2 protein chains.
Amino acid sequence: MSGRGRLPSGQPTIADVARHAGVAVSTVSYVLSGKRAISEVTRNRVLASIRLLGYHPNAGARALASRRANVIALVLPLRTGIQVPVVMQFATAVVTSARRHDHDVLLLTSDEGPAGLRRIAAGALVDGVLVMDVELHDVRVPLLRELGRPSVLIGLPADPGGLTCVDLDFHRAGQVCVEHLASLGHRRVALLGAPPAVYDRGTGFAHRTRAGVLEAAVRHGVDAVALPCAENAAEVQRRVVELFAQQPGISGLVVQNEAAVGPVQTTLSALGRRVPHDVSVVAVCPDQFAEHASPRLTSVPVPAEEIGRQAVSLLMRKLRDEAVPERTLLPPRLTVRDSTAAAPAAAPGDGVAVAVAGEQVVAALDGAS
Amino acid sequence: MSGRGRLPSGQPTIADVARHAGVAVSTVSYVLSGKRAISEVTRNRVLASIRLLGYHPNAGARALASRRANVIALVLPLRTGIQVPVVMQFATAVVTSARRHDHDVLLLTSDEGPAGLRRIAAGALVDGVLVMDVELHDVRVPLLRELGRPSVLIGLPADPGGLTCVDLDFHRAGQVCVEHLASLGHRRVALLGAPPAVYDRGTGFAHRTRAGVLEAAVRHGVDAVALPCAENAAEVQRRVVELFAQQPGISGLVVQNEAAVGPVQTTLSALGRRVPHDVSVVAVCPDQFAEHASPRLTSVPVPAEEIGRQAVSLLMRKLRDEAVPERTLLPPRLTVRDSTAAAPAAAPGDGVAVAVAGEQVVAALDGAS
DNA sequence: GCCGAATGTCGAAGCGCTTCGACGACGGAT
DNA sequence: ATCCGTCGTCGAAGCGCTTCGACATTCGGC
């Protein structure tokens with residue numbers, strides 16, 4: 001018996017509360033869980049004792065007896081090519097939402113791999129799992145099916161059968177960007193995408209955006225090229241210079257690469273192309289980022305916070321054994337800011353001038369560094 | 001009795017393993033914990049059963065019986081003015097290190113405030129707490145003292161008495177930057193610091209870096225000014241233009257503001273000041289960031305990973321009731337890259353020329369956006 | 001060849017909580 | 001009055017694990 005008093009840790013137990021309030025242990029439990037009716041008088045007496053003693057239920061005991069840990073796991077990626085601020089925003093939203101549902105969040109990094117998931121799930125440390133940054137052919141997808149724990153994926157694997165997925169509708173996002181540019185009269189556009197490695201490993205959002213861009217381009221009679229792009233200033237610059245040298249008529253740019261946004265603007269201005277006068281730029285990036293750039297960028301943000309909230313809410317429903325849709329794709333929202341404008345009237349001479357400018361820039365920067 | 005077989009969840013229990021291996025439950029437990037000697041033969045038999053049945057100990061039961069959850073809490077900040085990538089790096093390092101010590105990590109955001117800490121600690125959900133981004137006068141500091149759970153702070157509060165803190169020695173970092181510039185012959189330098197709000201709320205690292213910069217400047221006979229700086233391109237540009245207009249002789253810049261690094265370089269080049277030929281730049285920022293800038297930046301990285309490792313290791317020692325030092329300050333490490341060089345010979349005319357250039361830039365950018 | 005100390009294993013007592021069945025007390029319908 | 005159905009509360013049985021003392025064995029020392 002934990003009879004007379006407090007734990008070694010100094011924490012009172014439910015038995016202490018019961019004794020202090022003059023009721024049975026089970027009554028205290030029911031006051032806390034609300035699973036049986038308790039008279040107003042008794043409830044108040046118990047609650048008073050709880051407050052007075054500073055009682056907090058022991059999580060382990062609760063989990064053991066109730067078979068629910070009230071904890072969910074969040075599996076975050078930590079590879080290159082991820083958008084760090086987006087991940088943070090997302091994690092934050094998940095923690096906040098989870099707390100609203102009276103759950104805590106256990107953080108896993110995907111470098112422990114499938115073994116980590118297995119350990120956590122089998123050990124009943126968590127009730128459910130949120131997996132972020134799911135690739136098209138992700139090893140964790142079959143594993144999750146096998147484990148049979150409630151789970152929600154952020155991202156869209158090639159075969160989501162039997163699982164639950166949430167994501168921004170990147171395909172639609174790509175379309176929206178192109179439609180915006182097309183409606184402004186642009187006829188040649190380019191997508192400056194994620195690093196090649198991201199495409200190579202089959203990351204859904206990159207592929208889907210590209211598909212959306214190209215599809216919308218065809219539909220609206222716009223010429224479009226899509227090129228991957230590493231995340232460093234020099235590479236971005238090379239890409240952009242090359243691009244305009246080869247396709248001087250390009251007047252619209254879709255940038256899906258956070259790290260590239262700054263260098264793109266720098267390079268364009270070095271090329272003598274002004275944003276948005278000569279070239280319009282649409283970015284797929286966080287709003288905060290778009291606001292801080294100059295000029296402020298027309299953008300399609302990844303609604304990390306909403307995705308996080310949705311994911312948690314879906315997971316909670318699964319924990320309550322409710323049926324949920326297999327896939328939830330959030331509609332993209334394009335915010336027009338100062339980086340897009342009507343396409344310039346086509347100037348035939350542009351090509352040559354730009355190519356020359358490009359070489360000057362490259363030369364200047366080579367000398368400087 | 002959990003007698004005949006498996007949990008409803010399908011997980012085997014320790015009793016199943018014991019039965020399968022033909023030993024007592026306690027023997028299985030001792031095989032797992034190694035707290036008593038078990039013969040080679042028995043151990044192997046038990047381990048084989050464990051593998052065969054796919055047994056994973058139930059975390060809740062273990063926590064209840066052993067009074068150790070094998071989980072630590074990580075309290076992350078989510079305010080403005082934090083260096084998001086650094087936080088991520090740090091979180092990653094903490095998770096990885098914790099796993100090496102057979103612990104998991106529960107993620108808390110500081111917006112649940114002290115209540116969250118209290119709940120977690122009192123409920124024995126975690127064995128110890130790691131608090132990141134501790135301010136000089138942080139409300140959580142007295143709370144942690146009161147809770148009496150093992151904890152480690154990242155950052156250095158004004159009064160760390162009785163607690164355990166780890167951080168980069170930012171004071172020394174400030175000095176190192178100035179010493180580097182001084183040794184290259186620079187005689188007028190400026191610190192472009194964190195946003196004003198960060199100083200205002202008493203964030204240790206900003207204050208300590210500034211102090212280090214100013215102190216080293218005095219000691220080496222260098223003129224130094226320190227100015228806070230918001231995290232958007234326009235503000236950075238204004239600051240830099242203003243700075244050189246007022247103090248044209250400045251030839252060294254210490255930048256402690258990740259978001260400012262890009263804009264600083266852009267602005268300098270717009271001002272006709274070349275890096276490092278005319279102005280040397282030292283950044284306090286992640287290595288990856290410094291490598292990707294062009295020119296590559298001489299920098300003092302915040303060793304997020306090492307801090308994370310250290311923090312976890314200290315916490316583990318505290319969990320084992322070992323004595324640990326009250327404060328651990330990691331020495332800064334300056335990596336020389338391409339953004340610093342010998343100071344230019346003083347040119348008396350500079351002042352005027354620069355002021356003019358500055359105005360041109362401002363005008364040009366106003367027009368563009 | 002006997003004794004004490006290791007060594008290896010077992011059984012049982014909890015850890016603090018939830019939950020289920022039981023059971024008075026009370027009130028309305030008969 | 002009597003019976004039944006609620007309502008409010010209680011006691012006890014676990015949840016799956018760790019840990020403590022006890023109990024055989026085995027072994028080295030003299």
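Atoms considered below: every heavy atom in the structure, side chains included; atoms not considered: hydrogens, waters and symmetry mates. Nothing here was measured: the structure is a model prediction, and the numbers come from that model. Convention: sequence-line order gives letters A, B, ...; per-chain numbering from 1.
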Rounded distance (Å) that lies between atom [atom2] of [N] and atom [atom1] of [X]:
X: B:Asn58; N: C:dC17; atom1: CG; atom2: P; result: 16 Å
X: A:Arg68; N: C:dT19; atom1: CZ; atom2: C1'; result: 15 Å
X: B:Arg62; N: D:dT19; atom1: CZ; atom2: C1'; result: 13 Å
X: B:Gln11; N: D:dC15; atom1: CD; atom2: C1'; result: 15 Å
X: A:Ile14; N: C:dT18; atom1: CD1; atom2: C1'; result: 8 Å
X: B:Leu64; N: C:dC15; atom1: CG; atom2: C1'; result: 4 Å

Strictly under 3.5 Å: I want the nitrogen or oxygen pairs between protein and nucleotides 24-26 of chain C, one per line.
none

Quiz item: Checking salt bridge (Lys or Arg N to Asp or Glu O under 4.0 Å) for the pair B:Asp138/B:Arg201: CA distance, chi angles, key distance, verdict?
Solution: CA-CA 9 Å; B:Asp138 203 299; B:Arg201 75 167 176 253; over 6 Å; no
Exercise. Using a 4.0 Å cut-off on protein heavy atoms (strictly under), produce a 5'-to-3' string for nucleotides 7-12 of chain D with B for base contact, S for backbone-only sugar-phosphate contact, and - for none.
Key: -SBBB-
Self-check item: B:Asp111/A:Arg99 salt bridge by N-O under 4.0 Å criterion
Solution: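 Looking at B:Asp111 together with A:Arg99, the answer is no, because their closest N to O distance does not fall below 4.0 Å.
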Quiz item: Can B:Glu146 and B:Arg118 be counted as an ion pair, charged N to O under 4.0 angstrom?
Solution: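 Judged by the 4.0 Å cut-off on N to carboxylate O distance, B:Glu146 and B:Arg118 do form a salt bridge.
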Quiz prompt | Contact under 4.0 Å: A:Lys35 side-chain N or O vs C:dT18 OP1/OP2 | solution =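 No, no such contact exists.
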Practice problem: Compare side-chain N and O positions of A:Ser29 against OP1 and OP2 of C:dT18 and report whether any pair is under 4.0 Å apart. | Solution: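 Yes.
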Listing time: all N or O pairs from protein to nucleotides 24-27 of chain D that are below 3.5 Å?
none

Quiz item: Would you say the side chains of A:Thr42 and A:Ser39 form a donor-acceptor pair under 3.5 Å?
Solution: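 Side chains of A:Thr42 and A:Ser39: pair found under 3.5 Å.
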